[in-house]
Amino acid sequence: GQPTADTDAVTGSVAGYVVEDPTSARAALEPLLDLFGLVVAQGADRLVLRQTGASGAAALTVSEFVAASDGPVVETKREPDRNLPAEAILTFRDSLGEYQAASVRSVRLGAPGSRQHALSFPGVLEVGQARALLDDWLKRTWYSRETTTFSLPQPQVDVAPGIIVTVAASGNPAEFIVTEVEDGLVRKVSARQITRGAPAVWSGALPSGNVSAPTIGGQPHVLFLDLP
């Protein structure tokens with residue numbers, strides 16, 4: 001089997017997770033990685049999971065590039081706002097609702113249009129936790145609408161998936177998280193814009209329902225019968 005993944009830099013939990021059909025480990029984990037904003041990288045001897053925007057490490061400044069013969073040194077793309085969701089809906093299993101299906105909704109204030117995105121999470125969450133996770137997901141989606149690609153000279157092993165970088169040549173002073181690295185004669189890097197910050201705060205709730213009043217017993221009532 002594979003060694004246990006390094007999850008020291010990851011926070012969060014679920015009360016259960018369902019894999020309904022035979023599938024690959026990658027496909028089974030994708031909904032979890034997407035909702036919690038996790039990035040997976042190959043470490044020296046095991047997989048390493050990092051949480052987008054939660055790292056306190058300083059960003060790595062990238063300043064040396066390899067010029068491509070058929071394209072720009074740094075290519076930046078920005079998704080039009082009209083293509084981004086104005087609201088999102090998350091369905092899940094409610095741990096305090098007898099594990100029945102539940103849903104929460106999050107709205108991006110000021111977003112143009114009415115585009116809606118639906119997420120189906122095959123796990124068990126509390127309603128407050130699900131709402132906080134969805135708020136963070138929508139925030140990440142809007143911040144990551146800008147992506148950049150560039151090539152670096154070999155070797156540049158410090159630029160790996162999950163590492164936060166700044167790319168001054170992109171014209172954007174924001175931070176980017178490396179999402180993909182393709183090794184060859186040069187090291188081709190893809191990254192997306194992020195924002196750092198603490199996850200949305202949520203608090204647990206007691207399950208709803210009617211609580212019956214306790215039965216108060218009194219002194220026993222005794223009858224003596226004289227039967228033939």
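Please read these numbers as outputs of a predicted model, since none were measured by experiment.
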Spacing of [X] atom [atom1] and [Y] atom [atom2] [to the nearest 0.5 Å]:
X: T76; Y: N172; atom1: OG1; atom2: CG; value: 7.5 Å
X: I194; Y: Y143; atom1: CD1; atom2: OH; value: 11.0 Å
X: L90; Y: Q129; atom1: CG; atom2: CD; value: 10.0 Å

Can I get a per-line list of side-chain donor-acceptor pairs under 3.5 Å for residues 177-191, giving both atom names and the distance, sequence neighbours left out?
{"from": "T179", "atom 1": "OG1", "to": "S190", "atom 2": "O", "distance (Å)": "3.2"}
{"from": "D183", "atom 1": "OD1", "to": "Q154", "atom 2": "NE2", "distance (Å)": "3.1"}
{"from": "D183", "atom 1": "OD1", "to": "R187", "atom 2": "NH1", "distance (Å)": "2.6"}
{"from": "D183", "atom 1": "OD2", "to": "R187", "atom 2": "NH1", "distance (Å)": "2.9"}
{"from": "R187", "atom 1": "NE", "to": "Q156", "atom 2": "O", "distance (Å)": "3.0"}
{"from": "R187", "atom 1": "NE", "to": "V159", "atom 2": "O", "distance (Å)": "3.1"}
{"from": "R187", "atom 1": "NH2", "to": "V159", "atom 2": "O", "distance (Å)": "3.0"}

Set of residues satisfying side chain to side chain donor-acceptor pair (under 3.5 Å) with respect to [X], sequence neighbours excluded:
X: R78; value: E146
X: D8; value: none
X: T166; value: T61

Is any side-chain heavy atom of [Y] closer than 4.5 Å to one of [X]?
X: S120; Y: P31; answer: no
X: V66; Y: L152; answer: no
X: V127; Y: L96; answer: no
X: R115; Y: L84; answer: no
X: I163; Y: D158; answer: no
X: K77; Y: T148; answer: no
X: L38; Y: V10; answer: yes

Query raised in the report: Which pairs pass side-chain hydrogen bond (donor to acceptor under 3.5 Å, both in side chains) with one or both residues in residues 88-105, sequence neighbours excluded?
Result: E87-R105
Query - Pairs where residues 22-32 contributes a residue and the test side-chain hydrogen bond (donor to acceptor under 3.5 Å, both in side chains) is met, not counting sequence neighbours - result: none
Requested in this report: Could you list the residues that satisfy ring pair (Phe, Tyr, Trp, His ring centres under 6.0 Å) with F150, not counting sequence neighbours?
Outcome: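 Partners of F150 by the ring pair (Phe, Tyr, Trp, His ring centres under 6.0 Å) criterion, ordered by chain and then number, come out as F65.
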Query raised in the report: Who pairs with F121 by ring pair (Phe, Tyr, Trp, His ring centres under 6.0 Å), at least two apart in sequence or on another chain?
Result: Y17
What closest approach, in Å, do [X] and [Y] show between heavy atoms, and which atom pair accounts for it?
X: A86; Y: G113; answer: CB-O, 3.7 Å
X: P112; Y: D81; answer: CG-CB, 4.0 Å
X: A88; Y: L119; answer: CB-CD1, 4.3 Å
X: R50; Y: P161; answer: NH1-O, 2.9 Å
X: A59; Y: E175; answer: CB-OE2, 3.5 Å

**Report entry** Q51/T11 under side chain to side chain donor-acceptor pair (under 3.5 Å): CA gap, chis, key distance, verdict
**Finding:** CA-CA 8 Å; Q51 203 148 18; T11 60; 3.1 Å; yes
Side-chain heavy atoms nearer than 4.5 Å, only ILVMFWY residues, links allowed to pass through others: does that put [X] and [Y] together?
X: V39; Y: L47; answer: no
X: I89; Y: L32; answer: no
X: V104; Y: F36; answer: yes

Requested in this report: Please lay out, stage by stage, how V124 and V14 fare under the test side chain to side chain contact (heavy atoms under 4.5 Å, CB included).
Outcome: CA-CA 6 Å; V124 181; V14 295; 5.9 Å; no
Show me the side-chain donor-acceptor pairs of residues 130-142 shorter than 3.5 Å, one per line, residues at least two apart or across chains.
{"from": "D135", "atom 1": "OD1", "to": "S106", "atom 2": "OG", "distance (Å)": "2.6"}
{"from": "D136", "atom 1": "OD1", "to": "A200", "atom 2": "N", "distance (Å)": "3.3"}
{"from": "D136", "atom 1": "OD2", "to": "A200", "atom 2": "N", "distance (Å)": "3.0"}
{"from": "W137", "atom 1": "NE1", "to": "D34", "atom 2": "OD1", "distance (Å)": "3.2"}
{"from": "W137", "atom 1": "NE1", "to": "D34", "atom 2": "OD2", "distance (Å)": "3.3"}
{"from": "R140", "atom 1": "NH2", "to": "D34", "atom 2": "O", "distance (Å)": "2.8"}
{"from": "R140", "atom 1": "NH2", "to": "L35", "atom 2": "O", "distance (Å)": "3.1"}
{"from": "T141", "atom 1": "OG1", "to": "W137", "atom 2": "O", "distance (Å)": "2.8"}
{"from": "W142", "atom 1": "NE1", "to": "P85", "atom 2": "O", "distance (Å)": "2.9"}

Query - side-chain contact (heavy atoms from CB on, under 4.5 Å) against P80, all qualifying residues, sequence neighbours excluded - result: R82, N83
Query - V157: hydrophobic cluster co-members (side-chain, 4.5 Å) - result: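 Traced through the cluster, V157 reaches no other member.
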Report task. May I have all residue pairs that pass ring pair (Phe, Tyr, Trp, His ring centres under 6.0 Å) and include part of residues 154-192, sequence neighbours excluded? Result -> none
